[in-house]
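Keep in mind it's a predicted model, so treat the numbers as computed, not measured. Naming convention: chains lettered A, B, ... in sequence-line order (proteins, then strands); numbering from 1 in each chain.
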There are 2 protein chains.
Amino acid sequence: MSSQLKPGTSNACNITSLSLACEVNDVLRSISPRWKMQILHKIAAGHVQFSTLKQAFPSLSDQILGKRLGELVADELILKVVVKEKPPQHIVYEITDRAMELLKVIDDLHQWGLKWS
Amino acid sequence: MSSQLKPGTSNACNITSLSLACEVNDVLRSISPRWKMQILHKIAAGHVQFSTLKQAFPSLSDQILGKRLGELVADELILKVVVKEKPPQHIVYEITDRAMELLKVIDDLHQWGLKWS
DNA sequence: TTAGGTACTCACTTTCGGGTGAGTTATTGT
DNA sequence: ACAATAACTCACCCGAAAGTGAGTACCTAA
């Protein structure tokens, strides 16, 4: 989860701030990189391979996709699984329970956005 | 709401992407700037003046605070009100209904973060 | 064996957001 | 009249994030 969050970079986290502050900030930073939640959403919707994700987002480059997938794995939001059965050996990404719960909140955020737009 | 979101900068928003994609991306971008949600939370908790907010976050500069307040006003998450009664004329920030609902979702996000940390 | 697809990584450039220093206007207390 | 405080704005810098181009290792079908 904290892979891309270097200590000190995020917040002052001093005692004068509310406890809410730091953790929320960290969560926001981990979910806000461009494409990240969209990719997660697509994986949840069944686009579980690199190539199918590529097709789903034509304007997303291989490089960024690879990077985001790496972050999602580090965050334990997805699992990288190598499928050896079924001859053309391939890699699939599986969503975790942790991610499913996050997506519920993300969807609430989406609903809020729609409601007040 | 869309004040700091330049068109074209955010997402491809092409037809091949799920409807979810673009809006969620925009919402995430509008809530993720550093300090923004913390400031909003403080205002909701009753720290309604520039100076009291400053005190609440010692490591936050005047400049960034001013900038974030401007964004929050543009997003219609807070209202800027000039109080002329009570001699020392001052400015207070009032939270909007829209923001109260957003804070509920932000709190869910916080809870998610705590649960899985 | 060689061409093609999958799934990347690395190095580099560009863009953007956060942060700093200085200055400004308005009001008010002494 | 003067200083102080509140509430900013503007110009600039720098580091991180986003994006691009090239290359690589592996597998497989022809």
Side-chain angles (χ1 to χ4, degrees), chain A residues 3-12 25-26 28-39 43 47-74 78-94, chain B residues 3-12 25-26 28-39 43 47-74 78-94:
Chain A
S3 56
Q4 72 277 33
L5 300 171
K6 288 158 214 125
T9 315
S10 77
N11 244 349
N25 193 64
D26 290 345
L28 285 174
R29 298 209 149 223
S30 80
I31 67 172
S32 58
R34 193 132 105 102
W35 304 107
K36 201 167 174 180
M37 290 301 108
Q38 279 111 294
I39 292 168
I43 294 172
H47 294 67
V48 296
Q49 281 176 267
F50 196 98
S51 53
T52 52
L53 287 166
K54 255 175 78 163
Q55 286 159 26
F57 302 107
S59 55
L60 169 64
S61 67
D62 284 20
Q63 296 87 334
I64 303 291
L65 177 55
K67 199 173 168 185
R68 289 289 112 89
L69 287 171
E71 292 166 6
L72 289 167
V73 170
I78 58 173
L79 294 173
K80 184 174 175 172
V81 181
V82 181
V83 180
K84 288 189 195 295
E85 310 79 51
K86 293 260 180 184
Q89 182 191 103
H90 60 290
I91 287 162
V92 296
Y93 293 96
E94 285 177 12
Chain B
S3 56
Q4 72 277 29
L5 300 169
K6 290 158 216 126
T9 315
S10 75
N11 243 350
N25 193 64
D26 290 345
L28 286 174
R29 296 206 150 226
S30 79
I31 66 171
S32 58
R34 193 134 103 105
W35 303 106
K36 201 167 174 181
M37 289 301 109
Q38 280 112 295
I39 292 168
I43 294 172
H47 296 67
V48 294
Q49 281 175 266
F50 196 98
S51 54
T52 50
L53 287 166
K54 255 175 76 165
Q55 285 159 25
F57 301 106
S59 54
L60 169 64
S61 68
D62 284 20
Q63 296 88 332
I64 303 292
L65 177 54
K67 198 172 168 185
R68 290 288 111 89
L69 287 171
E71 292 166 6
L72 289 167
V73 170
I78 57 173
L79 294 174
K80 183 175 174 171
V81 181
V82 180
V83 180
K84 288 190 194 293
E85 311 78 52
K86 292 260 178 184
Q89 182 191 102
H90 59 289
I91 288 161
V92 296
Y93 294 96
E94 285 176 14

[Y] and [X], any side-chain heavy atoms less than 4.5 Å apart:
X	Y	result
A:Met37	B:Asn25	no
A:Leu65	A:Trp35	no
A:Val81	A:Val48	no

Nearest-Å distance for atom pair [atom1]/[atom2], residues [X] and [N]:
X	N	atom1	atom2	result
A:Ile64	C:dT15	CD1	P	15 Å
B:Leu53	D:dC8	CG	P	10 Å
B:Arg29	C:dG18	CZ	P	11 Å
B:Leu65	D:dC8	CG	C1'	10 Å
A:Gln89	C:dT6	CD	C1'	11 Å
A:Gln55	C:dG5	CD	P	12 Å
B:Phe50	C:dT25	CZ	P	17 Å
B:Lys80	D:dA7	NZ	C1'	7 Å

Look at all strands and tell whether [X] reaches a base, only sugar-phosphate, or nothing, counting heavy atoms closer than 4.0 Å.
X	value
B:Lys54	nothing
A:Ile91	sugar-phosphate
A:Ser51	sugar-phosphate

Does OP1 or OP2 of D:dG19 have a side-chain N or O of A:Trp35 closer than 4.0 Å?
yes
Does B:Lys67 put a side-chain nitrogen or oxygen below 4.0 Å from OP1 or OP2 of D:dC8?
no
Between A:Ser32 and A:Asp62, whichever has its closest DNA chain D nucleotide further toward 5' is A:Ser32
Please check this pair: side chain of A:Lys36 against backbone of A:Ser30, looking for a donor-acceptor N/O pair closer than 3.5 Å.
yes
If you check every side-chain atom of B:Gln49, which of D:dA18, C:dA7, D:dA7 has the closest atom?
D:dA7
Under 3.5 Å, is there an N or O donor on one side and an acceptor on the other linking the side chain of B:Gln63 and the base of C:dG18?
no
Working to the nearest 0.5 Å, report the span between NE2 of A:His47 and CZ of A:Phe57.
8.0 Å
